[in-house]
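Every chain is numbered from 1 and lettered A, B, ... according to where its sequence line falls, protein lines coming before strand lines.
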Number of protein chains: 2
Amino acid sequence: MAKPPTVYDVATRAEVSIATVSRVFSSPDTVREATKARVLAAVHELGYVASGNARGLATRRTGVLGLFFPGLDAMDELRGRTDFLMHDVAAATDRDDGGRDTDAPSEPDSVSTPLPRATVIRDIPARTDTRALNLYLDEVLRGSELEAWLSGRVLLVGVGRGVTSGQTVLEMAGRVDGLIVLAGSATEEDLAQLARRIPIVVMAGPPRGDDFDHVSVSNEEGMGALTGHLLDDLGVTDIVYLAGSVESPDDHERWTGFRRALRERGITPPDEPWRRSDFTREGGRAAGRVLLAADRLPRAIVCANDQMALGVIDAARIAGVDVPGELIVTGFDGIDAGGLSTPRLTTVSQPMEALGRAAVQVLVRRLEDPERASMSVRLPVEVLLRESSEPA
Amino acid sequence: MAKPPTVYDVATRAEVSIATVSRVFSSPDTVREATKARVLAAVHELGYVASGNARGLATRRTGVLGLFFPGLDAMDELRGRTDFLMHDVAAATDRDDGGRDTDAPSEPDSVSTPLPRATVIRDIPARTDTRALNLYLDEVLRGSELEAWLSGRVLLVGVGRGVTSGQTVLEMAGRVDGLIVLAGSATEEDLAQLARRIPIVVMAGPPRGDDFDHVSVSNEEGMGALTGHLLDDLGVTDIVYLAGSVESPDDHERWTGFRRALRERGITPPDEPWRRSDFTREGGRAAGRVLLAADRLPRAIVCANDQMALGVIDAARIAGVDVPGELIVTGFDGIDAGGLSTPRLTTVSQPMEALGRAAVQVLVRRLEDPERASMSVRLPVEVLLRESSEPA
DNA sequence: CTGAAAGCGCTAACAC
DNA sequence: GTGTTAGCGCTTTCAG
């Protein structure tokens with residue numbers, strides 16, 4: 001990588017001043033055609049690409065929006081630095097229908113044991129679980145990216161993992177015009193610090209004071225509506241509630257919605273969830289086993305998210321308990337797997353992509369008008385009635 | 001947003017020079033404890049966050065890696081700028097178990113028709129199709145982000161859509177230390193220009209000359225192995241091939257692998273795929289209908305990706321044709337839906353997350369040693385034999 | 001329409 | 001240890 005060409009190089013080559021080069025990009029019509037052409041030619045020949053840093057420094061804006069998530073990967077395996085078969089291209093030239101299986105490149109610059117190129121495996125049905133939250137974030141991310149693009153910006157995504165989390169978010173803050181932060185992924189202290197430099201939008205979790213702009217979904221209303229359906233339409237009152245981890249900002253709201261639904265119908269809700277698990281399918285399975293081992297089954301189990309609900313269904317299947325005949329199971333989130341399971345899972349579907357889009361919209365508005373009062377968006381949810389609750 | 005504090009502000013407040021402030025962050029142990037403490041205090045009080053731009057300008061490195069994808073969203077709906085219910089937080093203060101359904105906030109700063117907070121819907125089984133490629137990219141993205149984090153960097157993601165695509169990628173290039181580009185998402189011309197400024201890693205597609213570093217999966221070998229299985233183990237020779245869109249760099253390799261497998265067994269492969277579709281499930285369904293309407297069924301149909309294969313299975317189900325009894329169907333990619341379908345889909349599973357990780361690893365290596373010969377990584381794939389090809 | 005020059009906020013020698 | 005002082009590459013008045 002030779003030193004990248006700068007405005008100066010272009011200016012010299014085009015025999016103009018750097019100011020003119022700059023103008024060609026920022027206000028093309030203030031430059032004479034002939035001059036512009038010369039500059040553009042130079043740009044082309046030199047392969048000039050403007051430095052975002054320099055531009056950002058001068059402009060005080062970057063055109064970048066940040067999205068910061070908590071890292072919920074399996075931190076254990078994380079460091080498993082899979083090292084890949086890597087070789088110099090120069091050494092391996094055979095291409096197209098030519099000699100295949102010339103496996104090892106002549107000059108293995110850094111080769112671990114040569115990996116097989118393709119393995120045949122008889123795949124037994126298995127469950128993919130791990131990616132629970134990721135799937136949620138994927139959609140949010142997709143929505144954010146789209147909306148960012150619509151506003152002519154790009155997204156800087158960062159995930160906070162462990163102790164470096166605070167550092168990451170601060171670093172991001174230094175390079176973006178505004179930042180979207182998933183509730184709980186950064187400390188209040190860090191947030192406060194960031195907020196002095198750039199606009200922050202908090203996503204999910206309970207509404208904030210008027211510190212930050214806020215975007216979330218109607219967790220409480222959704223769970224309330226679902227519970228109401230069980231109560232009113234199915235006439236079920238014998239319900240237990242499986243909660244997720246306490247740290248989750250959403251968990252509390254769902255639980256609240258559940259209780260409210262009961263209370264509004266004159267039923268005294270329990271003070272505590274029947275049980276608390278960890279939002280994973282495995283956790284749901286475990287909870288399911290406990291439930292099924294008891295003397296008496298409740299008529300329904302309402303779970304704080306889909307993964308756990310699917311786990312409960314797994315457990316029921318294994319125990320030979322019919323869902324929804326003997327036990328009604330419901331989830332929350334609306335992940336794809338819930339629509340593909342047998343029986344399909346009744347759930348509350350969150351508009352995750354919309355959430356991502358809304359967050360960016362709010363952020364962009366804030367950028368455009370720093371003075372306006374802090375905003376809050378609460379997106380509606382849909383209760384999806386499917387076979388895990390609806391006796392055929 | 002008051003003007004963000006700078007090193008100068010911090011320096012003044014801590015009664016030191018800006019160099020010292022800088023040192024506190026870059027080489028903390030060269031600063032006396034007492035001084036450091038003063039600086040840190042000032043940082044805290046002021047809410048100082050270093051400007052990434054300024055730092056990047058001075059350092060000539062940003063700690064940001066770019067990931068550039070082609071945008072394959074349904075461009076039609078794209079502009080559907082869903083505007084969300086948005087109101088000033090100041091106006092809506094009720095919280096917690098208090099009065100719910102106070103629906104409209106008192107001062108609706110910008111309210112479209114108030115949206116319902118939760119709707120109950122009887123959900124009929126339907127197919128989600130659209131997100132085919134996205135799911136692929138999600139995993140790649142996840143892998144990249146993880147690996148970026150492991151290397152202490154953060155990811156800038158950009159999607160090229162339509163005509164602004166070239167602009168986007170150039171803008172990104174100006175703000176990152178290196179860029180990963182999905183094959184086909186940028187023009188060769190743009191790539192060449194970028195390459196003069198920063199290292200580029202091309203992902204997927206055929207190996208490149210020694211221009212750029214390259215990362216991909218063994219498309220050809222995978223399809224070859226799968227076809228070989230049909231040929232050798234199942235004794236099936238009456239096979240048609242459903243290809244995807246020609247623009248896809250991977251499509252060609254898979255087709256090549258298919259042909260090679262035939263040829264290696266003394267069978268003359270067809271010159272052209274039986275048919276070409278668009279990688280979507282709907283496209284697969286259409287192709288399936290054509291196939292099933294013919295006088296005679298082949299014993300097997302090999303599809304260039306999972307989505308189309310699932311579409312073919314859909315068509316077969318509708319036509320009452322048994323898979324795999326009457327027709328064997330295979331896919332490629334290993335998307336989740338293929339493992340959840342009935343019958344489950346035999347496919348070639350790509351290590352998508354690993355692909356993302358590998359790309360970042362390669363990029364980081366390149367950053368560390370700009371001089372080394374260009375690298376190429378080819379990741380192995382797995383053929384997953386499932387019920388769509390294996391008669392019970 | 002174009003050029004000169006002053007920053008933007010930070011790092012990195014180089015002095016002290 | 002800490003301060004001084006050049007830049008880093010670009011935008012943006014302000015003249016001309």
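Atom CZ in B:Arg32 sits roughly 10 Å away from atom P in D:dG3 (whole-Å rounding). One interatomic measurement links the two molecules: CD1 of A:Ile18 to P of D:dC10, which rounds to 8 Å at whole-angstrom precision. Going from atom OH of B:Tyr48 over to atom P of C:dG9 covers 10 Å, rounded to whole Å. The separation between B:Arg197 atom CZ and D:dC8 atom P is 14 Å, rounded to whole Å. To the nearest angstrom, C1' of D:dG9 lies 14 Å from CG of A:Leu46. For the pair A:Leu57 CG and D:dC8 P, the interatomic distance rounds to 13 Å; values are reported in whole Å. Rounded to whole Å, the distance from CG on A:Asn53 to P on D:dC10 is 10 Å. Separating the CZ atom of B:Arg61 from the P atom of D:dG9 is a distance of 15 Å, rounded to the nearest angstrom.
Side chain of A:Arg23, nearest nucleotide from C:dA4, D:dT11, D:dG3: C:dA4. When distances are taken from the side chain of A:Thr6 to each of D:dG9, C:dC10, D:dG3, the shortest belongs to D:dG9. The B:Ser17 side chain lies nearest to D:dG3 when the options are D:dC10, D:dG3, C:dG9. You'll find that the side chain of B:Arg60 is closest to D:dG9, out of D:dG9, D:dC10, C:dG9. Checking C:dT11, D:dG3, C:dC1 against the side-chain heavy atoms of B:Thr59 singles out C:dT11 as nearest.
Counting heavy atoms of neighbouring residues, nucleotides and ligands inside a 6.0 Å radius, atom CD of A:Glu45 exceeds 12 of them.
Minimum heavy-atom separation, A:Val24 to A:Val31: N-CG2, 4.1 Å.
Heavy atoms of A:Ser22 sit under 4.0 angstrom from at least one base atom. As judged by a 4.0 angstrom heavy-atom cut-off over every strand, A:Val21 is placed among residues making no nucleic acid contact. Residue-level contact check: B:Val16 touches the backbone only, with heavy atoms under 4.0 Å from sugar-phosphate atoms and none from bases. Using a 4.0 Å heavy-atom cutoff across all strands shown, B:Thr35 reaches sugar-phosphate atoms only and no base atom. When heavy atoms are screened at a 4.0 angstrom cut-off, A:Phe25 is found touching no nucleic acid atom at all.
A donor-acceptor contact under 3.5 Å is formed by the side chain of B:Tyr8 with the base of C:dC10.
Using modelled atom types, no side-chain atom of B:Thr164 and backbone atom of B:Gln167 make a donor-acceptor pair closer than 3.5 Å.
Mapped onto DNA chain D by nearest heavy atom, B:Ala54 and B:Val31 fall at different nucleotides, with B:Val31 at the one closer to the 5' end.
At a threshold of 4.0 Å, the pair A:Arg161-B:Glu145 counts as salt-bridged, since one of the basic side-chain nitrogens sits closer than that to a carboxylate oxygen.
A donor atom on one side chain and an acceptor atom on the other are not found under 3.5 Å apart for B:Arg61 and B:Thr59.
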